[in-house]
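Inspection log for the structure reproduced underneath, given as structure tokens.
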Amino acid sequence: MNRISELSAAIAKHTATIDGYFTSNGLPTPSLEADALWNLPIPDGATDIKQARVAVIEACSELRDLMTGPKELLKFEWTAYVSVKVILRFRLDQSFPVGESTTFEAMSQYSGLSAKQVRRFVKHAILNHRLFQEKSPGVITHSALTAVLASEEIARNAFVVQLDEFWPAGIRVADALEKWPGSEENNETGFSLVNNSSKSLYDILAADPVRNARFGMLFNRPDEPLDLIIENYPWQDFNSVVDVGGSHGAVAIAIAEKFPHMKCIVQDLPETVKEGAARLPVKLEDRVEFMVQDFFTPQRITADVYYLRSILHNWSDKYCIKILQNLVPALKNGSRIIIHERVLPDVDQLAGVDAKPAINLDIGMLQLLNAQQREMHEWPALLQRADHRFQFLGAKKPDGAIRWICEAVWIEGDERRGFPAQ
Ligand SMILES: C[S@@+](CC[C@H](N)C(=O)[O-])C[C@H]1O[C@@H](n2cnc3c(N)ncnc32)[C@H](O)[C@@H]1O
């Protein structure tokens, strides 16, 4: 069988598996109509159905490319997201309720754009992105995608931030690499260039409350259940944890709730600490403490565990080493360091659809901050560069998790190597 027939057969086979699952469980078939479910109803435990879904997506993508052909694949869609940006900026998705219809004229009155402009952008968005539908000429209804955008501010905000802040930064990455070869500084990026600034993303956004609030909202929704870190680390074996750059303390609070013997300290910058402390449930006040601590200054708290979730991927190696070295003054023999973040897949896993978000985030970290995602082998090396007394113990990724739990231990006197520390 040739490749296109193989792919076509695979698509038919795996689609039938998924269809059978939905039918036998009384679940609706996937749809992009406005009243569709927002996510496919496949529970975490249904591993074979999840795998079938991945197989369909991968086979469709390859088949589509094969049927397009190499030369046509090289055509660049340079208008790709223009219509989406306009729709979001002028809030056309929010111009009429989900379940109702509208016209180009009504959208024009709502937005201040001309009816002709609205028609051009809406048609582009329907064709390229399945935003809206036009089932009869001039009558516009929502699709599932615009229904989500119109109904859920967090999803809408994420799209806006990606289009308005992240995408333009990507366009200047090559320029930044040319201007600052090999830079590890977070103010020498595509983001800095496109903002015409010598500052970092954090400083640029901090100067603009609206942009800063939109950026902050990106992190308001948990991207994986907290249970995954609570259930998959032996917290019961320890008495204290410092959540380094812990934001509003979601993880520390979950640890304190589940393990009443634990003392948790959440460290962050002043503004975040103030907000986090204000939100802390009164019943946890004696066991969860918020503390201002810049992680580029020496750590003041000696604890059993130092927990860093999604911290190091925001920094280049040079700064990660400084963050780790600044823990050293407080560490005691046996202190644990948990690095909890996405890990880049190995080269042999690059084909999987799961690899794509990690690889894309890696480039994203570069375009915004000159930072990076890391492969597993880079963690022990980075820890060793910070201090040879950090010993990497291993890592695991619980089922259903997006982050790995990477663990290191601090060994005083370099017992591991059998000679005293210098
Ligand atoms: C990507 S967020 C991760 C927050 C949290 N660990 C989590 O996973 O939800 C990075 C955090 O680092 C904090 N941060 C940035 N620079 C810092 C610094 N120099 N010292 C302490 N915290 C810092 C930010 O305020 C933010 O809360």
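These numbers come from the heavy atoms of this one structure, side chains and all, not from hydrogens, waters or symmetry mates. Computed from a predicted model, the values in this text were never measured in an experiment. Note that ligands are numbered from 1 as they come in the structure, with each ligand's atoms numbered from 1 the same way.
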Give a yes or no on whether Tyr110 atom OH has more than 12 heavy-atom contacts from other residues, nucleotides or ligands under 6.0 Å away. yes
Donor-acceptor pair, Asp362 side chain versus Ala358 backbone, under 3.5 Å? no
Provide, to 0.1 Å, the distance between atom 27 (O) of ligand 1 and the closest protein heavy atom, together with that atom's residue and name. Asp268 OD2, 2.7 Å
Please indicate whether any nitrogen or oxygen in Trp315 is less than 3.5 Å from any nitrogen or oxygen in ligand 1. no
Contact between Gln293 and ligand 1, counting heavy atoms under 4.0 Å? yes
Just jot down the ligand 1 atoms closer than 4.0 angstrom to any heavy atom of Ser310, in number order. 1 (C), 3 (C)
Answer with side chain, backbone, both or neither: which part of Leu308 has a heavy atom less than 4.0 angstrom from an atom of ligand 1? neither
Do other residues, nucleotides or ligands put more than 12 heavy atoms under 6.0 Å from the CG atom of Asn196? no
Which pair of non-hydrogen atoms, one from Ile301 and one from Tyr306, has the smallest distance, and what is that distance? O-OH, 2.5 Å
Applying side chain to side chain contact (heavy atoms under 4.5 Å, CB included), run through Ile405 and Ile229 and close with a yes or a no. CA-CA 8 Å; Ile405 303 170; Ile229 182 66; 3.7 Å; yes
For Asn370 and Thr189, indicate whether the former's side chain and the latter's backbone hold a donor-acceptor pair under 3.5 Å. no
Nearest-neighbour protein heavy atom for atom 8 (O) of ligand 1, which is reported as residue plus atom name and distance: Arg309 NE, 2.6 Å
Does Glu165 form a side chain to side chain contact (heavy atoms under 4.5 Å, CB included) with Phe191? I'd like the steps, not just the answer. CA-CA 8 Å; Glu165 305 287 5; Phe191 190 87; 3.8 Å; yes
Report, in ascending order of atom number, the atoms of ligand 1 lying under 4.0 Å from any heavy atom of Ser247. 4 (C), 5 (C), 27 (O)
Under 3.5 Å between any N/O of Asp243 and any N/O of ligand 1: does that happen in this structure? no
Thr272 neighbourhood, listing ligand 1 atoms whose heavy-atom distance to it stays under 4.0 Å: 25 (O)
Considering distance alone, does some N or O of Phe295 sit under 3.5 Å from an N or O of ligand 1? yes
For Trp404, is the NZ or CZ atom of Arg342 found under 6.0 angstrom from the centre of its six-membered ring and inside 45 degrees of the ring axis? no
At under 4.0 Å between heavy atoms, which part of Tyr202 makes contact with ligand 1: side chain, backbone, both or neither? neither
Geometric class of the His142/Phe132 ring pair [parallel <30°, tilted 30-60°, perpendicular >60°]: tilted
N or O contact, Gly245 vs ligand 1, cut-off under 3.5 Å: yes
Would you mind running through ligand 1 and noting each atom that sits below 4.0 Å from a heavy atom of Asp294? 18 (C), 19 (N), 20 (N)
Taking N or O atoms only and a 3.5 Å limit, does Arg403 qualify as a polar contact for ligand 1? no
Any idea which atoms of ligand 1 are less than 4.0 Å away from a heavy-atom of Asn314? 1 (C), 10 (C)
If you measure from OG on Ser310 to CZ on Arg403, what distance do you get to the nearest 0.5 Å? 3.5 Å
Can you tell me the protein heavy atom closest to atom 12 (O) of ligand 1 and the distance? Ile311 CD1, 3.7 Å
